[in-house]
Amino acid sequence: MTKKDSISSSSEADADEKQPLRVTAESVSETSSIRSKKGYSAIAGLQDEFAGLSDNDAEILRKQVHVPSVAASFFRLYRYADKKDKIILFLGFGASILEGLMRPLMSVVFGAATQEFTDLPTGAMMSMFNGYNKTHMDYNETSRSSYYQYNSTGNFSSEYGYDYEAFDNSLFISSISRLALYLALIGLAVSILTFIKSYIFIDRAEVLSSRIREHYLAATLRQNIGYFDKLGSGEITTRIASDTVLVQDAMSEKVSYVISHSTTFLAATVVAYTQSPLLSSIIIGNVIMIILVSYFGSKAITKYSERSQEGYAVGGSLAEESISSVRNVQAFGIQDRMAQAYDKFLEISEKWSIRAGYAGGFQAGLTFLFAFSIDSLAYWQGTRLLTEGTVTVAVMMTVIMTLFQGAFAFTIISPYLSNISTGLAASTKIFATIDRKSAIDSSSEEGERLAEVKGDIELRNVRFIYPSRPNVTVLRDFSLKIPAGKTVALVGASGSGKSTIVGLIERFYNPLAGEVLLDGHNILDLNTRWLRQKVALVSQEPSLFACSIFENICYGLIGTPYENASVVEKRELVIEACKQANAWDFIQDLPNGLETSVGERGFLMSGGQKQRIAIARAIVANPRILLLDEATSALDTKSEGIVQEALDRASKNRTTIVIAHRLSTIKDADLIVVMRTGEILEQGTHEELVAKKGDYYGLVQAQSIEALKEDSSESEDSDEGEALLDEKAGIPLAKYSTLTQVRTSKSTSSAIFHKEVEAKEPASILQVLAMLYKIGRADLTSMLIGLYSGAITGLAFIGIGVLYGFALQYLQEYGTPYYYEELKRSLYPIAGFLFMHGAILFITSTTGGCMFGYSSSRLVRRIRTLSFRHLLRQDISYFDADEHSVGALTAGLASDAQSIEALGGATTNKLVESMVIFIGGFIFCVIIGFKLGLVMFGTVPIILIIGGFRFKFLAKFVEQTKEGNEKSSTYACEATSSIRTVLSLTREEEIVERYRTNLEALIKGNRVANFKSAFLDGFARGMQYFIMALGFWYGGILVARGEYSLFQFFLIFVIVVFGSENTTTVFTFAPEMGKALNAGRSIKTLLESVPEIDAWSSEGDVIPEEEVNGEIEFRDVHFRYPTRPEVPVLRGLNLSVKKGQFVALVGSSGCGKSTTIGLIESFYRPQRGTVFLDGRDIATLNVSAYRNNIALVQQEPVLYAGSIKYNVSLGSPRPVSDEEVETACKQANIHNFIMSLPEGYDTLCGTKGTLLSGGQKQRIAIARALIRKPKILLLDEATSALDSESEKIVQAALDDAAKGRTTIAVAHRLSTIQNADVIYVFENGKILETGTHQQLLANRGKYFDLVQLQALEKN
């Protein structure tokens, strides 16, 4: 699309108040820093954006959007730990260190036991020396005399017939029993210490991560609005719901494991050096390499994880946008397009996640390589030193075992380090927000508080530029005085700067030059929070919070003397405010009155009801300054008249600034200021400006409503006219004169709303795994390679057991100087084989980690894409449910897949290894020595049972806590998505306090579960040592009896030790497994959920497009919203719309007009009666094909974070050309404005279109509807946000667009529908009267009264 060479200097050249961010899902580039190019968040590098401005201007704007980067730091995670936390953490730290010291201690015991075993003679020697008292023999004597060398085997064997049992082995058994007891005591200590450290770190992680959540929310709420212009609310939800969970994991018991294993590593090194400095020095090089691998590996994982999370955070904003506007998404059938845009962001996230998996795989592989190089070197050089007499067998084995234990500890912590690294990466963006100094900090105590506020407001020589659009000046040297106690109205074209003035008075932004004065004081010198408490704001799109009507209105009392008043006092104030706002009548009709919940974002209320509640909230505190930004735009005419009268009364003795497009609401203002492009065109009273016949006069004429024609010819032909009307309407007028309430069957309603829902059993583990396999089977090859590699890794550990067995057998047989050469020839190949094992493990572990990392990253992407698609597939009633709030669903998208991913990569690799070691080791050990094998492996299932019980317990616990987490995430999301309302009400402290209370309740409820989890973890850890103690004791007896050789004993012993260690390690991931199972169940439930109104379904009749006439009929339709079954909305509605008719629906708020539109769109099904299209029940038609014939323009226009061209093109179910987009925009009177922007049609709209004014958003939404070329056009207050001039032009365009198609318009501004073919007047879910504009005026009924209320002329 070409852009004009020269920017137009028309009336809209600078009309755009806000410049959209450069973000579009269409053009996502794979860069390391997504936000820097896509504009969803303020980032470093904004200097270029402000390059064309003066240094002072650039600095002011930069401060409002810049977010400094924060480096990842582990200790920063504990920044909110107080003295008590530090003491508790110190205890946990000490317990972790002591638990880590137990392993080297175990190695010392193991070394001593090895000496006992190797000093034990073989069968031949013991028979030769039968009867000798071993206590007098020197087992370590180096003399070559065979008399003293029990280690010498000579040529004897038990087959010579010597009596093996005759040898006195009681001292050997006694020694082994004593050493086994030591191991059991170590196991007891490990159990206690593990319980202490696990509980402390789990509990403190919850406490401290909650504080991080709290501080993040508080920091977010204190940011200036410019920050939010560059940030999606979905990103904030992702940070709270997903990233803080990762941060919590990084502080949890995994830290204690890293500390204990690191202690093992360091202590092992110290113990090894005390035993043999020479041998330890030879090996230490590999130890250093392991440290370096861990450091650089963790650093790489952190970097890649951070970039992966950046990618998803942007995608999370898009998901939040789509879910929050799901009606719009379904109406235009753009589910696939939104899912594709979402998937492009996931692609970036996946790319970096795969790299993180690769980094983890290489880290694990290199750790194994260097760990087994330690063993290889130790046996090679240890044998040399042994033969040289430098070390003994006990010293050599102690050094080998301690250093191997230390190295093995590092191989175990790689999954923990991966989790911690991911958490660190997640923390950087959270702490960047927390540490950001807001340009306008509402939490600051700085600034003056005036003793008394009169309400004089003055804008003096103000120059203003939006930080998100530095190339366009909105206000130039703007000056305006607003005297105290006066009502000043601002009128003019959309984007002329009216809302900007409100934003400056509320101090949402800072001006570049000039002053905004309150009672002569520059508001920059006043305390921001105090200032906002003196000002009440009612926005064009009112924001309500998900609580009761009473609570919503009470928020208006924050900062007043009544904030802490009793409930009775507050209730009196609230009722009075509701009466003034004309809201009390409809509130009384609700079943729960003031205690009725308004639903998330107020979706359970109609537009007019929301607006009236918002007005009541604004006036309940009797503010000194009242800002009304299109405060009555969503009200029906009658309500508007009453509310306007209330506002007029409320305006007395206070300064009131009114922005209005509906001029009937401001004709009594003390001063009317007409604006265009940030300048004042004219000002005066209504009469003065009309007399001038200038711009204001033109606006008045555009909104005039045709008066009743006193034409005798019409009177004479009235019967003919009525007959004509009846023909077009299809329903006799007389039908409505005798309407009576239709009685509906209570049983029908009960059957629909109170039917028993069959409770479904949660999916089993196998069902969840089957689902995950089905989703990820495209990567079956990668998974099989990973499984194969993990299996080989597990088998390699069994091979190591074999090598250990042979090595100790050789040490026993050839441990005397006479056989040292034979010993070298036997042990050097063992050293070579150990290095070969290390090389094999490097290949298999790296391959397994990489393949599982690759497949799990791709699985997560598929899960998120499928989940998002299935969410958008659900019908509207699904989203009406409290548990399916936008915050909860967005949080689920982020966290459920994240929980599945937590089991990927290193964790899955470890699972496979452990299974193979356990199963393969069991089979191998039973074959080699079934007695010892059965006894030792018989105890390992105890670890499995404990681990399985812990897993099952935690899975249930996770399910219970998920609701609480979703509730707190939803609460935070709601607050941030309505940030302007939150800031204007100064709710920041109250929101953070309530959020803190929610989190504290969660922590308190989790403590018992955490205690049980830590207890089971400790018991499982101790079991390893109990198994070793049993193995030494029973194995020693079997060896002493001659039933088992040393080779058999050590082979079985080492394999069982490895197996129990790996099994215990696996179940340290029980919390992640529990979360993954719960997440898998949630995902499975969603993917299997088939909505009643299914846009994906191929079922239903399809009417060929050319055969669709567009005739709509409602026949005895009864409807109640599923979330409020006790409130009837439509009560036997009958109406008919003929082909090509322009039909208008008017009536008071909540009478069923928008519900009628929803039923036509097939968002819901009526409980009784039928809706027809061309005589066919729409319930029998294919949903997707049916909706293709309809276009919807809603009361609150929805745009997405893409270009203008992208947003308009979303309206068409087929690809459209640039010319078609331009044509649609010309019809919607938006083309000239778009071409005045530097980027033309490629200008981006920002998240939810927040960077465009209301009128501009509305016109783009209309263009999107027109490009669809629908057979039926639904306009739900389509021009409510337009100024008079634009409305007149757009209305003309809509009138043109309506030709040849059926148009149904809901309107409160009657000037927009006076030319309708038929006007239906609603009341209480039924039709009260119907006719043309002139006929209804002649009837002098309700419509006539509505027209009189909107008339601008004075009687």
Side-chain angles (χ1 to χ4, degrees), residues 450 452-459 478-492 496-508 516-520 523 531-540 542 553 556 559-560 576-577 579-583 611-635 639-675 680 683-689 696 980-981 984-985:
L450 304 181
E452 184 182 356
V453 177
K454 294 178 183 177
D456 280 312
I457 295 174
E458 182 181 357
L459 284 83
F478 184 89
S479 296
L480 175 65
K481 285 187 178 182
I482 303 170
K486 299 295 183 182
T487 298
V488 175
L490 307 178
V491 300
S496 60
K498 304 184 300 296
S499 293
T500 300
I501 293 170
V502 169
L504 288 171
I505 293 171
E506 277 276 7
R507 219 187 153 204
F508 288 156
V516 181
L517 305 173
L518 172 61
D519 293 344
I523 66 169
L531 171 69
R532 289 174 180 164
Q533 287 174 348
K534 302 303 174 188
V535 178
L537 170 67
V538 182
S539 301
Q540 186 172 348
I553 298 173
T560 71
E576 181 56 34
K579 288 177 179 176
Q580 288 185 24
N582 191 31
Q611 195 78 292
R612 280 178 280 177
I613 293 170
I615 291 169
R617 182 175 63 195
I619 63 177
V620 69
N622 196 23
R624 293 302 306 155
I625 300 167
L626 189 60
L627 305 179
L628 306 173
D629 190 354
E630 284 284 352
T632 60
S633 63
L635 299 184
S639 294
E640 182 188 47
I642 299 169
V643 172
Q644 192 59 50
E645 186 182 342
L647 290 175
D648 290 343
R649 287 199 307 270
S651 300
K652 288 177 182 176
N653 303 319
R654 68 163 56 95
T655 307
T656 307
I657 300 174
V658 184
I659 295 175
H661 290 146
R662 209 184 295 180
L663 303 182
S664 59
T665 64
I666 52 96
K667 61 184 180 182
D668 295 325
D670 297 308
L671 179 68
I672 297 172
V673 179
V674 184
M675 295 176 61
I680 296 175
Q683 53 185 312
T685 64
H686 173 72
E687 289 78 8
E688 290 169 352
L689 293 175
Y696 182 77
R980 281 174 169 80
T981 305
S984 66
L985 292 170

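- Residues G684 and L689 share a closest heavy-atom pair of O-CD1, 3.6 Å.
- Looking only at side-chain heavy atoms (C-beta outward), R980 and L537 stay at 4.5 Å or farther from each other.
- Remark: of the listed residues L504, I505, V516, I457, V516 is the sole one forming a side-chain contact (heavy atoms from CB on, under 4.5 Å) with I523.
- L450 places none of its side-chain heavy atoms less than 4.5 Å from the side chain of K534.
- Annotation for A581 and I619: closest pair N-CD1, 4.4 Å, computed over non-hydrogen atoms.
- Nearest heavy atom pair, residue R617 against residue T981, reads NH2-CG2, 3.5 Å.
- Across I680 and S479, no two heavy atoms sit closer than the pair CD1-O, 3.5 Å.
- Inter-residue side-chain proximity for V488 and D670 is flagged as unmet; no heavy-atom pair is nearer than 4.5 Å.
- Rounded to the nearest 0.5 Å, atoms CD1 (I625) and CD (E506) are 9.0 Å apart.
- At least one donor-acceptor pair closer than 3.5 Å links the side chain of R612 to the backbone N or O of N582.
- No donor-acceptor pair under 3.5 Å is formed between the side chain of D629 and the backbone N or O of V658.
- The heavy-atom pair separating A536 from A618 by the smallest distance is CB-O, 3.4 Å.
- Residues F508 and V502 form no side-chain contact, since every pair of their non-hydrogen atoms from C-beta on lies 4.5 Å or further apart.
- With rounding to the nearest 0.5 angstrom, the CG atom of D456 is 9.5 Å from the NZ atom of K481.
- Rounding to the nearest 0.5 angstrom, the gap separating the CZ atom in R624 from the OG1 atom in T655 is 6.5 Å.
- Counting heavy atoms from C-beta on, the side chains of V538 and Q611 come closer than 4.5 Å.
- In this structure, the side chains of L480 and M675 stay at 4.5 Å or more apart for every pair of heavy atoms.
- For the atom pair CD1 of I615 and CG of L628, the computed distance is 7.5 Å after rounding to the nearest 0.5 Å.
- When all heavy atoms of A621 and G556 are compared, the closest pair comes out as CB-O, 3.2 Å.
- Within the model, atoms CD1 of I501 and CD1 of I659 stand 7.0 Å from one another, a figure rounded to the nearest 0.5 Å.
- Rounded to the nearest 0.5 Å, atoms CG (L985) and CD (Q533) are 10.0 Å apart.
- Residues K486 and L671 fail the side-chain proximity criterion, which asks for heavy atoms closer than 4.5 Å.
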